[in-house]
Q: 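Once you've had a glance at the structure underneath, I'll fire off some questions.
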Amino acid sequence: QDIMVMRQAMGVLQHHDAVSGTEQQHVADDYAERLSIGNTATLQTMNQLVGQLLQKGKTAAPEFTFCPLLNESICPSTNPLSSGSSVPVVIYNSLSWTRYEQVKIPIPLVNVQVTNSSGQVIPSQILSYSSNTSILVFYVMVPPLGYSSFVIAPASNDDEDATKLENKYYSKPVK
Amino acid sequence: QDLIVLENSKVIALFDQLGNIMSITNKTSGQYINVTQEYLYYLPSFGTDETTQCSGAYIFLPIGTTAYQYNNNTPGITVSQGPIVQTLTRYWSDTMIQTYLLYVDSDHLETEEVVGPIDISDGIGKEVISRFTTSLQTDQTWYSDSNGMEMQKRVINYRPSWNLTVVQPVSGNYVPVNNIAFIQDVNQQVQFTVLTDRSRGCASLDNGEIEFMLHRRTLYDDQRGVGEPMNESTQIITTTKLIFHDISTRAQSHYRPQAQSISNPLYPMFTTTSMSSTLWP
């Protein structure tokens with residue numbers, strides 16, 4: 001029921017002017033607002049779902065945040081890194097086959113390390129587009145219609161340099 | 001005076017000193033393709049003596065067939081090498097940035113483009129395209145998907161079901177592409193495939209070429225029902241994947257999952273923890 005608002009917005013956006021982009025600007029703004037409201041409801045549902053999947057015993061389910069505009073340069077969800085906190089990231093694969101792909105996540109600092117669900121530090125790389133924009137890139141393997149989890153943590157200079165790790169983690173493409 | 005090379009185990013992409021792409025080599029097959037890429041723009045029609053038809057939301061109607069250079073200044077070039085991705089960034093201005101990315105073991109080159117807001121100080125607007133010119137002999141034919149699933153054969157100035165009278169040689173040949181478009185050289189049995197992250201228009205107006213509409217900003221209503229100009233003031237950030245490969249069943253079946261991956265990206269969700277990185281998992 002929670003995601004009905006998104007289904008309704010998607011229904012409205014089947015209208016021909018939304019598909020072709022021949023609506024007036026104020027109508028485009030209305031479509032965008034409907035999608036945004038639907039998107040927020042859907043993210044809240046994902047938050048509850050993944051939180052319950054990660055709930056252990058009687059502990060409270062963790063709260064999740066999202067960066068739906070990851071092609072932009074700032075993701076508030078990774079800001080805790082700059083105050084020394086670790087940021088676990090759970091990655092969802094909506095397709096029905098195992099995917100082995102790179103993910104790009106904006107981060108507020110340039111010295112981090114990424115740990116996979118086995119506790120191993122995996123190779124990662126920082127792309128710096130400007131002095132205040134850094135994008136963390138690393139490869140993930142995610143099962144069909146499933147999740148993989150990683151932890152991004154601030155790294156000190158003494159930590160193992162992920163960029164010097166062997167290429168073993170990305171030397172096996174998924175068939 | 002050196003050339004710039006992005007190379008992994010499957011692809012070699014060669015660039016000149018200004019970051020213009022020159023060739024893509026498929027290391028698996030050993031074949032290579034000469035390719036150039038340009039950002040150009042068409043001038044949207046604002047009516048002539050013969051017709052009051054303007055270019056707008058419904059009607060793509062450029063003035064003439066000439067596409068003009070969108071960037072006349074020399075871009076700043078940045079190249080970075082890393083264990084996961086190599087990048088080449090071309091910066092013209094805050095409204096036009098292109099980054100080529102080649103990931104480790106990837107069989108395709110990726111290009112990320114930041115376009116807009118489009119300058120309208122000329123009072124006319126622009127319809128900005130990205131045009132690839134290759135060494136392939138394409139026999140006036142190209143392919144694009146009509147609905148995200150089925151590839152359609154497109155032939156310039158031709159329709160399979162009626163005798164076409166060409167009125168507008170540019171827009172009359174523009175067709176939709178949802179995810180996939182490609183050109184083929186049947187004699188060499190090679191193919192240049194372009195995967196898009198959104199629906200666009202595309203056309204192959206000359207041998208070996210394929211061009212894509214990137215961003216449109218027109219300042220006149222086209223009188224077809226919208227009732228206002230399509231004055232798109234936004235900046236777009238778009239990702240395109242370029243694959244050069246042989247024509248084979250295996251290759252044809254390979255880019256479909258890649259196109260699906262673009263339109264269904266991996267989705268990250270974030271939380272915080274005070275646990276150590278080894279304990280939280």
Side-chain angles (χ1 to χ4, degrees), chain A residues 17 20-25 46-47 50 54 62-67 70-72 75 77-78 80 85-95 97 99 101-103 105 113 115-119 121 123-129 137-140 142 149 151 153 163-165 167 170-171 173, chain B residues 9-10 56-59 78 80-87 89 91 97 99 101 103-107 110 112 114 176 197 199 216 222 224-233 236-239 257-258 260-261 263-281:
Chain A
D17 66 353
S20 60
T22 50
E23 72 280 59
Q24 289 194 345
Q25 188 58 49
M46 290 177 75
N47 179 19
V50 180
L54 289 173
E63 286 283 324
F64 281 88
T65 57
F66 305 87
C67 286
L70 278 173
N71 60 357
E72 297 198 2
C75 168
S77 297
T78 59
S85 295
S86 296
V87 174
V89 51
V90 176
I91 295 173
Y92 175 58
N93 171 15
S94 61
L95 295 176
W97 56 82
R99 286 162 75 180
E101 290 177 19
Q102 68 283 349
V103 292
I105 295 172
Q113 66 177 23
T115 308
N116 66 12
S117 57
S118 303
V121 177
S124 60
Q125 182 181 337
I126 300 292
L127 294 175
S128 294
Y129 284 118
V137 188
F138 57 99
Y139 266 82
V140 299
V142 192
S149 65
V151 179
T163 62
K164 294 176 183 171
L165 293 175
N167 293 351
Y170 42 77
S171 60
Chain B
S9 61
K10 295 175 181 167
Y58 280 96
I59 305 291
T78 310
S80 74
Q81 304 271 348
I84 293 178
V85 61
Q86 306 163 50
T87 69
T89 300
Y91 177 92
I97 305 167
T99 301
L101 301 103
Y103 290 94
V104 64
D105 285 342
S106 172
D107 64 356
E110 194 171 297
E112 188 178 289
V114 177
D197 65 351
S199 297
R216 307 175 66 210
D222 60 12
R224 299 294 171 135
V226 183
E228 65 185 25
M230 192 188 62
N231 188 6
E232 286 280 357
S233 59
I236 62 164
I237 306 174
T238 180
T239 299
Q258 294 209 25
Q260 294 280 296
S261 294
S263 48
N264 299 273
L266 293 171
Y267 201 87
M269 295 162 264
F270 304 89
T271 186
T272 56
T273 182
S274 55
M275 296 181 192
S276 73
S277 298
T278 51
L279 185 60
W280 190 87

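The chains referred to below are lettered A, B, ... by the order of the sequence lines, with proteins before strands, and numbering in each begins at 1. Keep in mind that the numbers below use all heavy atoms, side chains included, and drop hydrogens, waters and symmetry copies.
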Q: When heavy-atom pairs shorter than 4.5 Å are enumerated against chain B, which of A/Val90, A/Val50, A/Val87, A/Thr78 gives the highest number?
A: A/Val90
Q: If I measure from the heavy atoms of chain B, does A/Glu23 come under 4.5 Å with its side chain, its backbone, both, or neither?
A: backbone
Q: Under 4.5 Å, counting heavy-atom pairs only, tell me which of A/Asn93, A/Leu95, A/Val140, A/Leu54 racks up the most with chain B.
A: A/Leu95
Q: Any idea which of A/Ser94, A/Ser118, A/Ser86 has the most non-hydrogen atom pairs under 4.5 angstrom with chain B?
A: A/Ser86
Q: If we define contacts as heavy-atom pairs under 4.5 Å, which of B/Ser9, B/Ser276, B/Ser199, B/Pro257 has the most with chain A?
A: B/Pro257
Q: Please find the pair of heavy atoms, one from A/Leu127 and one from B/Ser80, that lie closest to each other, and give the distance.
A: CD2-OG, 4.2 Å
Q: Work out which heavy atom in B/Ser277 is nearest to a heavy atom in A/Thr115; give both atom names and the distance.
A: CB-OG1, 3.4 Å
Q: Contact part of A/Pro80 toward chain B, heavy-atom cut-off under 4.5 Å: side chain, backbone, both or neither?
A: side chain
Q: At a heavy-atom separation under 4.5 Å, does A/Val142 approach chain B through its side chain, its backbone, both, or neither?
A: side chain
Q: Relative to chain A, which segment of B/Gln258 carries a heavy atom at a distance below 4.5 Å: side chain, backbone, both, or neither?
A: neither
Q: Under a 4.5 Å heavy-atom cutoff, which of A/Ile91, A/Asp17, A/Asn47 has the most pairs with chain B?
A: A/Ile91
Q: Between the main-chain N or O of B/Glu228 and the side-chain N or O of A/Gln24, is there a donor-acceptor pair closer than 3.5 Å?
A: no
Q: How many angstroms lie between atom OG1 of A/Thr22 and atom CG of B/Asp222, to the nearest 0.5 angstrom?
A: 9.0 Å
Q: Is A/Val103 close to chain B through its backbone or its side chain, or both, or neither, when contacts mean heavy atoms under 4.5 Å?
A: side chain
Q: Applying salt bridge (Lys or Arg N to Asp or Glu O under 4.0 Å), can you list everything that pairs with A/Glu101, at least two apart in sequence or on another chain?
A: A/Arg99
Q: Which bit of A/Val89 is near chain B, if near means a heavy-atom gap under 4.5 Å: side chain, backbone, both or neither?
A: both
Q: Checking A/Thr65 against chain B: side chain, backbone, both or neither under 4.5 Å from a heavy atom?
A: both
Q: Report, one line per pair, each donor and acceptor closer than 3.5 Å where one atom sits in a side chain of residues 264-275 of chain B; sequence neighbours left out.
A:
from     : atom 1 : to       : atom 2 : distance (Å)
B/Asn264 : ND2    : B/Gln260 : O      : 3.0
B/Thr271 : OG1    : A/Glu63  : O      : 2.8
B/Thr273 : OG1    : B/Met275 : N      : 2.9

Q: How close do B/Val104 and A/Tyr139 get, counting heavy atoms only, and between which atoms?
A: O-OH, 3.1 Å
Q: A/Cys67 versus chain B, heavy atoms under 4.5 Å apart: side chain, backbone, both or neither?
A: both
